Peer 1: 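Structure provided below as structure tokens; questions to follow.
These figures come from a predicted structure and were not determined experimentally. Each chain gets a letter, A, B and so on, in the order its sequence line appears, and its residues count up from 1.
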2 protein chains.
Amino acid sequence: MDYLDIKVKFLKGFADRTRLEILESIQIEEKTVLQIVGEIKGNQSNVSQHLACLKGCGIVTARQEGKFVYYSLRDEQVKSLLTMFDTVLGDVVQQVAACDKNDQCLCGKSELKCLTKRKKISP
Amino acid sequence: MDYLDIKVKFLKGFADRTRLEILESIQIEEKTVLQIVGEIKGNQSNVSQHLACLKGCGIVTARQEGKFVYYSLRDEQVKSLLTMFDTVLGDVVQQVAACDKNDQCLCGKSELKCLTKRKKISP
DNA sequence: CAAACATATTAGTTTGGACTAATATTTCAA
DNA sequence: TTGAAATATTAGTCCAAACTAATATGTTTG
């Protein structure tokens, strides 16, 4: 596991809708798991797993208080990174959205396209 | 496709080892597809697809000149975002790496763990 | 201590997306 | 204009990871 692998893991932490929703919900203040579950749609098990992921990626921290566990953004750096995402994205939202409507790229698409026929790979 | 979906797509653009390698290779100056293929291990088809993805995510731009296509980072914003990744990651590299060694989280792991037995879900 | 609540962990299923091999398209040069 | 070079696109395979259902663990309060 080299530095690049770690970087990928860190970035994958952000690259999921459910996790972004979680991060949004704790952006202002720390929340318990149940509070987060209540704010975003999703069940407790799923949220718990995503929180473990975010923690493992160094994005959030957990603080236990009695039977509650409070999750919050790791530090100010992470907070400003989240802000920067929106800033940078601001310039390209239109384009990314447009790319999705047209067929300029397939990333992030689940459509299947089967247009032509090709020879089978010989064994 | 709402704003959050677009944001996820944008961030997924960064969250892949091959794409990070591509971004690294064009961080200083624009490169052709073949140049990129030469710098990172990987075949032409694969790199081409990743470049299409990066373009669709608004991370890189393409400029055609004759039979060559030069790819470069979209703008200074993207460039500084890449820099910021390293900055923020700097604080947590150790932790993320450690998480991978221990079993604190499963995200980014491909190991299978089967420890206990559970009842089958009733139909 | 037992019951209730909060959270975590597991196995299994399913889906998205990274990859390869083959082929198509585009552009230049002889 | 034909062939070669550069790039893009396709279909198919495979694996990582997101999800669900069930259960385990941990903590407080009666």
Peer 1: Which heavy atom of Ile59(A) sits nearest to which heavy atom of Val78(A), and what is that distance?
Peer 2: O-CG1, 3.8 Å

Peer 1: Would you confirm whether Arg19(B), through its side chain, and Lys12(B), through its main-chain N or O, come within 3.5 Å as a donor-acceptor pair?
Peer 2: yes

Peer 1: Looking at the side chain of Gln49(B), which of dT7(C), dT10(D), dC19(D) is the nearest nucleotide?
Peer 2: dT10(D)

Peer 1: Hydrophobic clustering (ILVMFWY, side-chain heavy atoms < 4.5 Å, transitive) - are Phe14(A) and Ile40(A) grouped together?
Peer 2: yes

Peer 1: Heavy atom of residues 37-45 of chain B under 4.0 Å from DNA chain D: which residues?
Peer 2: Gln44(B), Ser45(B)

Peer 1: What's the CZ-C1' distance between Arg63(B) and dT7(D), to the nearest Å?
Peer 2: 15 Å

Peer 1: Between Thr18(A) and dC19(D), is there a contact of a side-chain N or O with OP1 or OP2 at under 4.0 Å?
Peer 2: yes

Peer 1: Select from Phe68(A) and Asn46(B) the residue whose nearest nucleotide in DNA chain D is closer to the 5' end of that strand.
Peer 2: Asn46(B)

Peer 1: Touch check for Gln64(B), heavy atoms < 4.0 angstrom, all strands: base, sugar-phosphate only, or nothing?
Peer 2: sugar-phosphate

Peer 1: Between dT27(C) and Glu65(B), counting only base atoms on the nucleotide and side-chain atoms on the residue, is there a donor-acceptor pair under 3.5 Å?
Peer 2: no

Peer 1: Compare every heavy atom of Ala62(B) with every heavy atom of Val69(B), then report the nearest pair and how far apart it is.
Peer 2: CG1-CB, 3.9 Å

Peer 1: Check every atom of dG17(C), dA6(C), dA18(D) against the side chain of His50(A) and return the nucleotide holding the closest atom.
Peer 2: dA18(D)

Peer 1: In whole angstrom, what separates Asp16(A)'s CG from dA16(D)'s C1'?
Peer 2: 13 Å

Peer 1: Is there a side-chain contact between Leu81(A) and Leu81(B) (heavy atoms, below 4.5 Å)?
Peer 2: yes

Peer 1: What is the separation between atom OH on Tyr70(A) and atom P on dG26(D), rounded to the nearest whole Å?
Peer 2: 20 Å

Peer 1: Round to a whole Å and report the spacing from NZ of Lys12(A) to P of dC15(D).
Peer 2: 15 Å

Peer 1: With a non-hydrogen cut-off below 4.0 angstrom, is Tyr71(A) in contact with a base, only sugar-phosphate, or nothing?
Peer 2: sugar-phosphate

Peer 1: How long is the line joining CD of Gln35(B) and P of dA6(D), in whole Å?
Peer 2: 11 Å

Peer 1: Do you know the tightest heavy-atom contact between Glu39(B) and Ser25(B)?
Peer 2: OE1-CB, 3.2 Å

Peer 1: Check the distance between dA16(D)'s P and Arg17(B)'s CZ and give it to me in whole angstrom.
Peer 2: 15 Å

Peer 1: Within a reach of under 6.0 Å around CD of Gln27(B), are more than 12 heavy atoms found that belong to other residues, nucleotides or ligands?
Peer 2: yes

Peer 1: So which one's nearest nucleotide on DNA chain D is more toward 5', Thr32(B) or Ala15(A)?
Peer 2: Thr32(B)

Peer 1: Is any side-chain heavy atom of Phe10(A) less than 4.5 Å from a side-chain heavy atom of Val88(B)?
Peer 2: yes

Peer 1: Between P on dA18(D) and CG on Asp5(B), what's the gap in Å once rounded to a whole number?
Peer 2: 15 Å

Peer 1: What integer distance in Å separates Leu34(B):CG from dT26(C):P?
Peer 2: 18 Å

Peer 1: dA18(D) phosphate, OP1 or OP2: any side-chain N/O from Arg19(A) under 4.0 angstrom?
Peer 2: yes

Peer 1: I want to check one thing: is the phosphate of dT7(C), taken as OP1 and OP2, less than 4.0 Å away from some side-chain N or O of Lys67(A)?
Peer 2: no

